[in-house]
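Have a look at the structure below before the remarks.
When reading the values below, keep in mind they use all heavy atoms of this one structure, side chains included, and skip hydrogens, waters and symmetry mates. As the structure lists them, so they are numbered: ligands from 1, and atoms in each ligand from 1.
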Amino acid sequence: MTGKPENVVLIGVAGDSGCGKSTFLRRLIDLFGEELMTVICLDDYHSLDRKQRKETGITALDPRANNFDLMYEQIKALKSGQAIDKPIYNHETGLIDPPERIEPNHIIVIEGLHPLYDERVRSLIDFSVYFDISDEVKIAWKIQRDMAERGHRYEDVLAQINSRKPDFTKYIEPQREFADVVLQVLPTNLIKNDQDRKVLRVRMLQREDKEGFEPVYLFDEGSTIQWTPCGRKLSCSYPGMQLYYGSDVYYGRYVSVLEVDGQFDNLEEVIYIETHLSKTSTKYQGELTHLLLQHREYPGSNNGTGLFQVLTGLKMRATYERLTAKEAKLAAKV
Ligand SMILES: Nc1ncnc2c1ncn2[C@@H]1O[C@H](COP(=O)(O)OP(=O)(O)OP(=O)(O)O)[C@@H](O)[C@H]1O
Ligand SMILES: O=C(CO)[C@H](O)[C@H](O)COP(=O)(O)O
């Protein structure tokens, strides 16, 4: 760690398992560096181990299997600059291991199933994102990973997803309401009855009423735009690409919506899209494209998932810089 932080900024990353959170966290490291940022996986606050969950029939998604009092006390302590002894949930054994010491850091990221579930924890968070992956896409990703990399059978993967569904709907999904950014990943509208799920429609919903947060927009703030960027400056093979920008109401609040349907043939050409986006919180023209190019091998780099993950990361960096500058100003006044 580079010195004791004056101000600890807390970031929440919410979503089901297998929804791209780890990929997003790797992108955050590009923006903050490993030194300044500490990631806490909220699985560590499971209060029931695997055997106990099996015996009681309570899933890990159920709040009863998680210790929110301890989560709140410890995150609050970190935010006020104190070290904690955090429990560890061991995914290999399914047991709760002896705790580890975590020191406060400039940026603390809490990621997992429930960062926005408990009102007390939520009130500590400075910026949050929820990964909202539609069932069709979630199944495709999970099947691809668990079958290819973990040797699971198709029926087992599907059964696992279905068994989580009721508690997912009850306890995880409702957190969308509280996120500053929601990244929705949906099947494409460009191919009729697409079953491949390679081409995706991705939407970035950005809260308009959050103090200090300036949503990214396309061309003209507050308008509604449908844009087909394919042509001389952006190569698009079948089925092409469509962008959309507009306003919507989400859980009773205004949000700015950016949407990308389709995929990029040539990642270098994303600069063309970048030049038409405003309030991206980049430090120089081209930084967004540069960050994407840095990890073209990450899943989703060639579509809206990668683009919006980078934009969300840039908004988190802007939040960190704004809050840190505010704190420094206050300190200078004293
Ligand atoms: N944008 C994407 N495009 C295509 N596939 C993706 C994308 N994001 C994630 N995946 C697929 O989902 C898998 C899980 O992604 P990742 O590890 O980032 O998710 P996670 O939420 O951290 O999962 P877990 O909590 O299970 O570790 C990846 O290995 C990949 O197969
Ligand atoms: O949804 C999850 C978050 O990662 C896991 O299923 C949960 O943490 C339980 O883990 P395991 O299956 O290893 O006991």
Side-chain angles (χ1 to χ4, degrees), residues 12-29 39-56 58-67 71 87-97 109-115 117 129-134 136-150 152 156-157 160-161 163-165 167-168 171-173 175 183-188 196-204 260 262-264 292 295-313:
V13 178
D16 201 1
S17 134
C19 282
K21 297 189 300 293
S22 310
T23 310
F24 176 68
L25 293 173
R26 286 189 285 166
R27 293 193 192 280
L28 270 194
I29 290 173
V39 177
I40 292 182
C41 174
L42 296 180
D43 294 353
D44 289 333
Y45 292 93
H46 289 336
S47 50
L48 301 181
D49 64 22
R50 194 178 291 154
K51 188 161 161 267
Q52 291 167 323
R53 289 198 307 270
K54 203 164 174 201
E55 281 164 3
T56 54
I58 297 175
T59 72
L61 302 107
D62 189 317
R64 288 175 297 169
N66 296 277
N67 189 343
M71 189 192 293
I88 300 175
Y89 177 72
N90 185 328
H91 279 281
E92 273 177 33
T93 60
L95 296 170
I96 295 159
D97 283 350
V109 181
I110 52 171
E111 66 93 8
L113 297 170
H114 301 101
Y117 183 83
V129 60
Y130 179 92
F131 284 80
D132 187 11
I133 315 297
S134 66
E136 298 93 324
V137 177
K138 198 189 276 189
I139 291 169
W141 286 0
K142 200 134 182 93
I143 281 171
Q144 171 205 316
R145 178 180 71 173
D146 292 359
M147 284 177 69
E149 296 169 24
R150 301 185 180 177
H152 295 182
D156 299 336
V157 178
Q160 201 218 7
I161 293 177
S163 70
R164 288 171 75 94
K165 183 79 182 157
D167 281 356
F168 177 79
Y171 306 118
I172 311 304
E173 210 168 47
Q175 293 175 90
L183 295 182
Q184 295 179 328
V185 185
L186 303 151
T188 180
D196 272 356
R197 315 288 181 220
K198 294 270 184 300
V199 182
L200 300 170
R201 181 162 75 100
V202 189
R203 288 159 65 85
M204 180 178 180
V260 173
Q263 48 194 23
F264 307 111
L292 256 184
H295 298 291
R296 47 170 86 232
E297 76 286 4
Y298 286 1
S301 286
N302 68 337
N303 63 35
T305 56
L307 185 78
F308 292 157
Q309 281 190 5
V310 174
L311 276 176
T312 304

How far does CZ of Arg64 sit from CG of Asp62, to the nearest 0.5 angstrom? 4.0 Å
How far is [atom] from its nearest protein heavy atom, and which residue and atom is that?
atom                    : answer
atom 7 (C) of ligand 2  : His46 NE2, 3.4 Å
atom 19 (O) of ligand 1 : Gly20 N, 2.9 Å
atom 13 (O) of ligand 2 : His91 ND1, 2.7 Å
atom 1 (N) of ligand 1  : Thr305 OG1, 2.9 Å
atom 3 (N) of ligand 1  : Trp141 CZ2, 3.4 Å
atom 4 (O) of ligand 2  : Asp43 OD2, 2.8 Å
atom 1 (O) of ligand 2  : Arg164 NH2, 2.6 Å
atom 14 (O) of ligand 2 : Tyr89 OH, 2.5 Å

Applying a heavy-atom cut-off of 4.0 Å, say which part of Leu113 lies close to ligand 2: side chain, backbone, both or neither. side chain
Where the side chain of [X] meets the backbone of [Y], is there a donor-acceptor pair that is under 3.5 Å apart?
X      : Y      : answer
His295 : Arg27  : no
Asp16  : Cys19  : no
Gln175 : Tyr117 : yes
Thr188 : Val199 : no

Without hydrogens or angle criteria, can the side chains of Ser134 and Arg197 be said to hold a donor-acceptor pair below 3.5 Å? no
Under 3.5 Å, is there a donor-acceptor pair between the Asp167 and Thr59 side chains? yes
Please list, in number order, the atoms of ligand 1 under 4.0 Å from a heavy atom of [X].
X      : answer
Lys21  : 18 (O), 19 (O), 20 (P), 21 (O), 22 (O), 25 (O)
Arg145 : 13 (C), 14 (C), 17 (O), 23 (O), 24 (P), 26 (O), 27 (O), 29 (O), 31 (O)
Cys19  : 19 (O), 20 (P), 21 (O)

Per [atom], closest listed option by heavy atom ([options]):
atom                    : options                       : answer
atom 22 (O) of ligand 1 : Gly300, Ser22, Cys41          : Ser22
atom 18 (O) of ligand 1 : Val137, Thr23, Val13, Leu113  : Thr23
atom 30 (C) of ligand 1 : Gln144, Lys138, Glu111, His91 : Gln144

I would like to know whether Ser47 and Arg53 meet side-chain hydrogen bond (donor to acceptor under 3.5 Å, both in side chains); could you show each step before the answer? CA-CA 9 Å; Ser47 50; Arg53 289 198 307 270; over 6 Å; no
May I ask you to check if Lys138 and Phe168 form a cation-pi contact, with NZ or CZ under 6.0 angstrom from the six-membered ring centre and within 45° of the axis? yes
Look only at interatomic distance and state if Gly18 has a nitrogen or oxygen under 3.5 Å from any nitrogen or oxygen of ligand 1. yes
When only distance counts, is Arg53 in polar contact with ligand 2, meaning an N/O pair under 3.5 Å? yes
Does any N or O atom in Asp16 lie less than 3.5 angstrom from one in ligand 2, N or O only? no
Does Glu92 have more than 12 heavy atoms from other residues, nucleotides or ligands lying within 6.0 Å of its CD? no
Asp16 near ligand 1, heavy-atom distance under 4.0 Å? yes
